[in-house]
There are 2 protein chains.
Amino acid sequence: MTEHDTPPAEISPTEQAGRFARAREKQSMAILEDYVEMIGDLIAMHGEARVADIAERMGVAHPTATKAVARLKREGLATSRPYRGVFLTDKGEALANWVRVRHRTVVDLLIAVGVPQETAEADAEGIEHHVSRRTLKAFEAYLTDK
Amino acid sequence: MTEHDTPPAEISPTEQAGRFARAREKQSMAILEDYVEMIGDLIAMHGEARVADIAERMGVAHPTATKAVARLKREGLATSRPYRGVFLTDKGEALANWVRVRHRTVVDLLIAVGVPQETAEADAEGIEHHVSRRTLKAFEAYLTDK
DNA sequence: TTCGTAATATAGCCAAGGCTTCATATTCTA
DNA sequence: TAGAATATGAAGCCTTGGCTATATTACGAA
């Protein structure tokens, strides 16, 4: 440890607990966001989103994708009928678009500060879900002014 | 969606699946890292880490913290005896230090690109776990050269 | 038009990480 | 030093997000 060792942050237990709680909340939205974005991409690419394709690209088994779709439906983000493809509701599509923009911004910012593209793409997959609107705004401003 | 939306990234399904898989792996380490860092902080501040304090600062109920400590012990990161405090193994301490450095670097980078401090602290809590060594190196270089 | 294959769904399992409730150990104080 | 207050542990439940194995449905080719 260096001399600049910061003493543990001066933050009240309550406030810190809140931060962790918010981080956990974001995490619970992350998978929804990933699936919604994926479904949007597949529809854009193939005109439809099949469960098998979703599963393949997410790197999970089919039943896992089916369950995720069920959760999306429960949350009003997607629709589907048995043995038919999966579609996004307006709400789902709006979320997909927002997520896509955020993803690109995060990747661009990482690259702008010197992260190699491949690494930027990979890390962004996890980072993006924790980027708040305010932080995203700052990223956009930085990329514009740079 | 419009016709000329950004075309979905040109990436093979397999490669994309790998990215998601890696993001999931990192996520499964995230909580371990948070607890290890917290325990390190508490020991630095109070000379010991009590389960009650850990729980309070993590924003969870005591049994949740106890379970987490059990997992840390299983992973060889911490030790504890009933009704005594929790301590880090060498491995746990090394992880705690690495995590702490990474956390600070992430916060500093966010601030450097214009994110308000409060927001930076909060978002970093989730972002840090997805920052690879390579990305961290880039952050450090950026902060130095700036 | 039927039938085999591929896609989808269902059921049931596991681990993680939350929770509450209740029992037990420790510590503090009167 | 006994008893109350506090801290810890144990048990059991819930949800998520993985999995495998086993139906069932849809569809294209013979």
Side-chain angles (χ1 to χ4, degrees), chain A residues 13 17-39 42-43 46-75 77-87 125-126 129, chain B residues 13 17-39 42-43 46-75 77-87 125-126 129:
Chain A
R19 280 186 192 162
F20 282 114
R22 280 189 292 275
R24 284 193 295 269
E25 267 171 41
K26 288 198 180 174
Q27 193 50 44
S28 87
M29 281 230 45
I31 288 197
L32 268 338
E33 293 176 348
D34 283 338
Y35 275 95
V36 162
E37 186 182 7
M38 176 65 64
I39 290 165
L42 286 170
I43 290 174
H46 304 143
E48 65 175 354
R50 315 295 300 267
V51 170
D53 295 333
I54 298 171
E56 185 191 12
R57 295 190 88 95
M58 292 298 295
V60 300
H62 321 135
T64 302
T66 301
K67 268 206 215 174
V69 169
R71 195 177 160 204
L72 292 181
K73 288 168 75 172
R74 222 185 315 147
E75 307 268 350
L77 294 166
T79 61
S80 79
R81 298 205 334 275
Y83 295 95
R84 292 289 115 107
V86 180
F87 301 93
E125 208 59 75
H129 302 292
Chain B
R19 278 186 194 162
F20 282 115
R22 280 188 293 275
R24 282 193 296 270
E25 268 171 42
K26 289 199 179 175
Q27 192 50 43
S28 86
M29 283 233 41
I31 289 197
L32 267 338
E33 293 177 347
D34 283 338
Y35 275 95
V36 161
E37 186 182 8
M38 177 64 64
I39 290 165
L42 286 171
I43 290 174
H46 303 144
E48 65 176 354
R50 315 294 301 266
V51 169
D53 296 333
I54 298 170
E56 184 191 11
R57 295 190 88 95
M58 293 297 296
V60 299
H62 325 130
T64 301
T66 299
K67 268 208 215 173
V69 169
R71 196 179 159 204
L72 292 181
K73 289 168 75 171
R74 221 185 315 146
E75 308 267 351
L77 295 166
T79 61
S80 80
R81 298 205 335 272
Y83 293 95
R84 296 292 127 165
V86 180
F87 301 92
E125 207 59 74
H129 301 292

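Heavy atoms only: backbone and side chains are in, while hydrogens, waters and symmetry mates are out. In the text below, chain A, chain B and the rest are named by the order of the sequence lines, each starting its count at 1. Please read these numbers as outputs of a predicted model, since none were measured by experiment.
Closest approach of A:Ala30 to A:His129, counting heavy atoms only: O-CE1, 3.3 Å.
Contact between the side-chain N/O atoms of B:Arg50 and the OP1/OP2 oxygens of D:dT8 is found at a separation under 4.0 Å. Between A:Arg74 and D:dT16, a side-chain N or O to OP1/OP2 separation shorter than 4.0 Å is present. Remark: A:Thr64 is in phosphate contact with D:dC19, judged by side-chain N or O atoms under 4.0 Å from OP1 or OP2.
In this structure, the OH atom of A:Tyr35 is 8 Å from the P atom of D:dG17, given to the nearest Å. Atom CZ of A:Arg71 and atom P of D:dT16 are 6 Å apart (whole Å). Straight-line distance from the CG atom of B:Leu32 to the P atom of C:dA15: 16 Å, rounded to whole Å. Between B:Ile31 atom CD1 and C:dA15 atom C1' the separation is 13 Å, expressed in whole Å. Between B:Leu72 atom CG and C:dA15 atom P there is a gap of 18 Å when expressed in whole angstrom units. Whole-Å rounding puts the A:Arg24 CZ to C:dG17 P distance at 11 Å. When the C1' atom of C:dA9 is taken as reference, atom OH of A:Tyr83 falls 5 Å away, rounded to whole Å. Atom CD1 of B:Ile54 is separated from atom P of D:dA7 by 13 Å (rounded to the nearest Å).
Within the nucleic acid shown, A:Ala61 comes within 4.0 Å of at least one base atom, counting heavy atoms only.
Comparing A:Ala68 and B:Ser80, the nucleotide of DNA chain D nearest to each residue sits closer to the 5' end for B:Ser80. Place A:Glu75 and A:Arg84 on DNA chain D by their nearest nucleotides, and A:Glu75 ends up nearer the 5' end.
Looking only at side-chain heavy atoms (C-beta outward), B:Ile39 and B:Leu72 come within less than 4.5 Å of each other. Proximity of A:Lys26 to A:Met29: side-chain heavy atoms (C-beta onward) are nowhere separated by under 4.5 Å. For the pair A:Glu125 and A:Asp34, the minimum side-chain heavy-atom distance is below 4.5 Å. Counting heavy atoms from C-beta outward, B:Tyr35 and B:Val60 have side chains that approach closer than 4.5 Å.
The side chain of A:Lys67 approaches D:dG17 more closely than any other nucleotide in the set D:dA10, D:dG17, D:dA7.
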